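One structure is given below, encoded as structure tokens.
Quick note: numbers below take in every heavy atom, side chains included, and nothing from hydrogens, waters or symmetry partners. Below, read A as the first sequence line, B as the second, and so on, with proteins coming before strands; counting in each chain starts at 1. None of these values were measured; they are calculated from a predicted model.
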Amino acid sequence: MTTPATIRGIGAHVGSRVELRGWLYKQRGKGKLAFVHLRDGTGVIQAVATRDQLGEETFARLKGLQQESALKLRGNVRADERAPGGYELDVDDLEVVAPAAADYPIAHVSDQGIDFLLGKRHLWLRSSKQHAVLRVRNEVIKAIRDFFYEREFVLVDAPIFTPAACEGTTNLFEVAYFEDKAYLTQSGQLYMEAAAMAHGKVYCFGPTFRAERSKTRRHLTEFWMVEPEMAWATLEDVMDLAEAFLEAVVARALERCKEELKTLERDTSALERVRRPFPRLTYDEAVKLLHDKGLPFEYGNDLGAPDETAISESFDRPVMIHRWPAAVKAFYMARDAANPALALGVDVIAPEGAGEVIGGGQRSIDLADLERQLEVHKLPREAFEWYLDLRRFGAVPHGGFGLGLERLVAWICGREHVREAIPFPRTIYRKEP
RNA sequence: UCCUCGGUAGCUCAAUGGUAGAGUAGGUGGCUGUUAACCACUUGGUUGUAGGUUCGAGUCCUACCCGAGGAGCCA
């Protein structure tokens with residue numbers, strides 16, 4: 001009797017004979033004995049094969065297999081301290097499903113260059129750390145959906161094709177749209193504002209495109225963004241939501257991705273400190289902090305990456321910076337009643353140099369102000385008529401934020417670069433594979 | 001768009017202007033407890049491209065191509 005099994009759940013099969021299906025990860029020959037590491041997507045197990053057990057011909061066939069050959073192995077499961085992973089399979093039968101070619105390019109002990117690895121991303125996904133990162137991404141996505149579902153936010157998908165910019169400041173990808181032109185979305189927010197007036201609390205979660213010529217470890221041209229939006233919300237409500245959100249998602253990853261974070265050699269102490277409340281600084285306080293640290297910073301500018309890092313180093317958890325000079329923020333930001341020069345926006349800076357993971361705020365509901373801001377930002381009025389309608393028909397205070405999924409996943413996984421946090425990254429000079 | 005660094009074997013890298021090399025991967029053989037196994041032997045090159053200087057260029061010069069990570073901008 002042979003039971004199909006997966007490597008992750010192999011502990012339940014000790015003492016019985018199972019069949020494992022997977023790919024040859026590593027093989028160490030030892031004369032008439034062979035150690036075979038089999039990878040099945042759920043984990044890696046060490047299998048032991050002997051010539052006496054398998055017979056001369058099958059044993060020779062096993063030893064001739066290349067890394068990544070697809071196999072079925074059958075045999076008894078045994079707990080063994082000598083095996084990495086704690087369990088071992090005594091192979092008594094081998095089925096070669098698809099032998100791999102001899103020139104598998106990805107080395108296990110990888111000091112390979114990033115250019116090479118990204119070019120082989122379709123194969124790089126199989127290696128243990130990349131595998132772990134995508135498992136964490138999977139869990140983070142589930143945690144995000146659960147978080148909003150439990151709080152009665154309604155998922156409302158925003159369109160990918162859009163008629164114009166959501167924000168005037170960044171570049172858009174233009175695509176042919178029959179006899180017309182369209183643009184790939186750079187944010188679903190404006191649509192979420194419409195949806196919030198229909199459902200109260202909503203969010204969207206989908207791909208976002210930015211044709212920015214950015215070449216940094218924090219940028220992709222295609223990335224996934226989560227954008228909740230709440231009717232009847234103030235800036236303070238948005239900040240409350242943002243910190244509850246980060247606390248919940250990080251806690252979930254810590255709870256359910258222990259193995260993956262271990263594989264990634266992630267020191268989780270910074271993640272364990274992601275607990276409410278987060279420090280909240282006004283922009284003015286943040287600028288003062290920079291000046292106290294001796295950094296040259298001109299009041300009124302946006303914070304650069306080094307400034308963000310300097311601020312986050314003063315705290316042991318994510319920092320929220322709010323009430324920004326309106327001039328550096330998007331056209332739709334509401335003004336602070338106490339000081340109209342300030343916009344009711346908030347950025348959340350993650351620790352460890354991970355940078356800005358969340359940007360959001362309270363939206364302007366003043367029709368005349370928005371009309372003026374569209375002109376100031378040189379945005380085409382016609383394309384925003386529908387958006388202005390939202391202010392004509394029952395506008396209430398509302399707000400929300402956008403979170404970059406890859407920045408969050410990269411930070412949780414302790415990866416330097418966001419490109420490892422998405423299966424097939426798109427950057428300015430790379431769209432293959 | 002700007003700044004900086006880089007491109008030599010499948011991969012990671014070395015080579016004072018003077019015979020292009022090592023490790024690793026691949027191949028062959030050996031080994032019954034390996035943990036990046038080990039030992040022996042071995043295949044492997046249009047030095048990113050095009051010019052130029054020189055008796056001689058991987059090395060120096062010019063242009064171009066490609067990539068990386070930083071700025072700006074952003075999540």
Which nucleotide sits closest to the side chain of [X]: [options]?
{"X": "Glu356(A)", "options": "U34(B), C74(B), A68(B)", "result": "C74(B)"}
{"X": "Arg407(A)", "options": "G33(B), A71(B), C74(B)", "result": "C74(B)"}
{"X": "Arg28(A)", "options": "G33(B), C73(B), U34(B)", "result": "U34(B)"}

Quick one: list whatever passes side-chain contact (heavy atoms from CB on, under 4.5 Å) with [X], sequence neighbours left out.
{"X": "Arg217(A)", "result": "Glu416(A), His417(A)"}
{"X": "Cys413(A)", "result": "Val133(A), Val136(A), Leu264(A), Val409(A), Arg415(A)"}
{"X": "Glu375(A)", "result": "none"}
{"X": "Pro84(A)", "result": "His37(A), Gln46(A)"}

Exercise. Under the salt bridge (Lys or Arg N to Asp or Glu O under 4.0 Å) rule, what do Asp92(A) and Arg17(A) come out as? Steps first, then yes or no, please.
Key: CA-CA 9 Å; Asp92(A) 60 44; Arg17(A) 186 171 188 270; 2.6 Å; yes
Can you list, by residue number, the residues of [range] that have a non-hydrogen atom closer than 4.0 angstrom to RNA chain B?
{"range": "residues 86-104 of chain A", "answer": "Glu88(A), Ala102(A)"}
{"range": "residues 271-295 of chain A", "answer": "none"}
{"range": "residues 416-424 of chain A", "answer": "His417(A), Arg419(A)"}

Quiz item: Nearest-Å distance, CZ (Arg218(A)) to P (A68(B))?
Solution: 16 Å
Self-check item: Base of C66(B) paired with side chain of Arg430(A) (donor-acceptor, under 3.5 Å)
Solution: no
Quiz prompt | Where at least one partner belongs to residues 293-311 of chain A, residue pairs that pass salt bridge (charged side-chain N to carboxylate O under 4.0 Å, His left out), sequence neighbours excluded | solution = none
Quiz prompt | ring-ring contact (aromatic ring centres under 6.0 Å, His included) pairs, two or more places apart, involving residues 292-329 of chain A | solution = Tyr283(A)-Tyr299(A), Tyr283(A)-Trp324(A)
Practice problem: Step through it carefully: locate the ring centre of Trp386(A), locate the ring centre of Tyr191(A), and say whether they are under 6.0 Å apart. | Solution: yes
Quiz item: What does Arg217(A) touch in the nucleic acid at a heavy-atom separation under 4.0 angstrom: a base, only the sugar-phosphate, or nothing?
Solution: sugar-phosphate
Nucleotide N/O of nucleotides 1-11 of chain B paired with protein N/O under 3.5 Å:
| from | atom 1 | to | atom 2 | distance (Å) |
| --- | --- | --- | --- | --- |
| U1(B) | O4 | Arg213(A) | O | 2.8 |
| C11(B) | O2' | Gln112(A) | NE2 | 3.2 |

Quiz prompt | G27(B) OP1/OP2 closer than 4.0 Å to side-chain N/O of Gln66(A) | solution = yes
Quiz item: Where does RNA chain B pair, written as one dot-bracket string 5' to 3', with Watson-Crick or G-U pairs under 3.5 Å, ( ) inside the strand, [ ] for crossing pairs and | for another strand?
Solution: (((((((..((((....[..)))).(((((.......))))).....(((((..]....))))))))))))....
Close N or O pairs between protein and nucleotides 41-44 of chain B (under 3.5 Å):
none

